[in-house]
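Data first, discussion second: the structure below is written as structure tokens.
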Amino acid sequence: MHEKHEKTNAMRQLDRKKAAYTVHSYDGGALSGTEVAAALGQDPAHCFKTLVTVGKTGGHYVFMIPVAAELDLRKAASAAGEKSVAMLPQKELLPLTGYIHGGCSPIGMKKQFPTFADATIADGETVCFSGGRVGLQIETTLAVLQSVVPVTLADLTV
């Protein structure tokens, strides 16, 4: 199933680990995370969006939360050990991560940042997240995700 899609950094990293994953594609465009989940026939509770923040100290942090949820910045700061965190301005996303808004994957960024996922990520058999391009989602297990990116689980949503 992997061969139909041009490889993204996220897929290349999973392939290097010989990790099992499934690629899902959908017609890109300005779709919300819940619309993407619906387009793929996925449970939105198991589809996660990838958000990049900047802490008061200047450090960058990656947060994965369910697509229908909202990141609680106070809880996110606490998880990251920061006084506060703010969403990274959209124009800074590509230079920092190598990914564009709507196609940001927690795997394969230019640099590995501390990554946190809402604890509900452990509730499902699999998790879906951006494959590194708008219109592409990767589905795999939490164990596989954690074998590629160190992910800390925390309560992160409002």
Side-chain angles (χ1 to χ4, degrees), residues 1-53 60-73 75-76 79-80 85 87-88 90 93-94 96-158:
M1 183 154 198
H2 308 282
E3 305 319 312
K4 286 189 250 171
H5 306 281
E6 187 182 320
K7 295 284 183 187
T8 63
N9 286 343
M11 288 188 252
R12 283 191 278 277
Q13 281 206 334
L14 287 161
D15 289 345
R16 263 187 235 115
K17 293 273 187 184
K18 298 187 178 3
Y21 66 96
T22 305
V23 175
H24 300 284
S25 60
Y26 60 93
D27 286 332
L31 293 180
S32 70
T34 49
E35 289 168 326
V36 169
L40 297 175
Q42 295 281 337
D43 178 350
H46 303 302
C47 291
F48 281 65
K49 54 189 170 186
T50 305
L51 305 172
V52 182
T53 64
H60 294 96
Y61 304 93
V62 177
F63 293 95
M64 295 177 69
I65 62 169
V67 293
E70 190 181 326
L71 182 65
D72 183 318
L73 293 173
K75 290 178 182 177
V85 296
M87 292 303 299
L88 186 74
Q90 193 170 322
L93 189 64
L94 180 61
L96 182 72
T97 66
Y99 290 127
I100 62 164
H101 179 76
C104 188
S105 180
I107 300 174
M109 290 187 181
K110 286 181 175 180
K111 181 178 176 226
Q112 185 60 61
F113 298 107
T115 303
F116 302 86
D118 190 71
T120 60
I121 200 169
D123 295 348
E125 286 182 33
T126 62
V127 58
C128 253
F129 51 87
S130 175
R133 184 180 308 126
V134 174
L136 214 57
Q137 292 279 300
I138 288 174
E139 182 178 5
T140 192
T141 63
L142 175 58
V144 165
L145 174 63
Q146 288 181 310
S147 75
V148 181
V149 175
V151 177
T152 303
L153 304 190
D155 175 18
L156 299 173
T157 57
V158 173

Run the side chain to side chain donor-acceptor pair (under 3.5 Å) test against [X] and tell me which residues pass, sequence neighbours left out.
| X | result |
| --- | --- |
| Ser25 | none |
| Gln146 | none |
| Thr53 | none |
| Asn9 | Arg12 |

Determine all donor-acceptor pairs shorter than 3.5 Å in which one atom belongs to a side chain in residues 60-71; sequence neighbours excluded.
residue, atom, partner, partner atom, Å
Tyr61, OH, Glu82, OE2, 2.7

Taking all heavy atoms of [X] and all of [Y], pick out the closest pair and write down the distance.
| X | Y | result |
| --- | --- | --- |
| Tyr26 | Ala39 | CB-CB, 4.4 Å |
| Ala80 | Phe116 | CA-CZ, 3.7 Å |
| Cys104 | Val52 | SG-CG2, 4.0 Å |
| Ala10 | Gly131 | CB-O, 3.6 Å |

Distance-only donor-acceptor pairs under 3.5 Å for side chains of residues 151-158, two or more places apart:
residue, atom, partner, partner atom, Å
Asp155, OD1, Lys75, NZ, 3.4
Asp155, OD2, Lys75, NZ, 3.2

Mind checking what makes side chain to side chain contact (heavy atoms under 4.5 Å, CB included) contact with Ile100, not counting sequence neighbours?
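Ile100 satisfies side chain to side chain contact (heavy atoms under 4.5 Å, CB included) with Leu94, Val134 once adjacent residues are dropped.
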Taking side chain to side chain contact (heavy atoms under 4.5 Å, CB included) as the definition, give me every residue that meets it alongside Lys17, ordered by chain and number, with sequence neighbours left out.
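Testing Lys17 for side chain to side chain contact (heavy atoms under 4.5 Å, CB included), a comparison that skips the adjacent residues, returns Ala19, Val148.
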Hey, could you give me the [atom1]/[atom2] distance between [X] and [Y], rounded to the nearest 0.5 Å?
| X | Y | atom1 | atom2 | result |
| --- | --- | --- | --- | --- |
| Leu51 | His101 | CG | NE2 | 9.0 Å |
| Ser130 | Ile107 | OG | CD1 | 10.0 Å |
| His24 | Gln42 | NE2 | CD | 4.5 Å |
| Asp118 | Lys49 | CG | NZ | 11.0 Å |

Student check: side-chain heavy atoms of [X] and [Y] closer than 4.5 Å:
| X | Y | value |
| --- | --- | --- |
| His46 | Thr126 | no |
| Met11 | Tyr21 | yes |
| Thr50 | Tyr99 | no |

Please collect all salt bridge (Lys or Arg N to Asp or Glu O under 4.0 Å) contacts where either partner lies in residues 131-141, sequence neighbours excluded, each pair once.
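Sorted result for residues 131-141: empty, none.
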Keeping to residues at least two apart or across chains, list the salt bridge (Lys or Arg N to Asp or Glu O under 4.0 Å) pairs with something in residues 120-132.
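Salt bridge (Lys or Arg N to Asp or Glu O under 4.0 Å) check on residues 120-132 returns no pairs.
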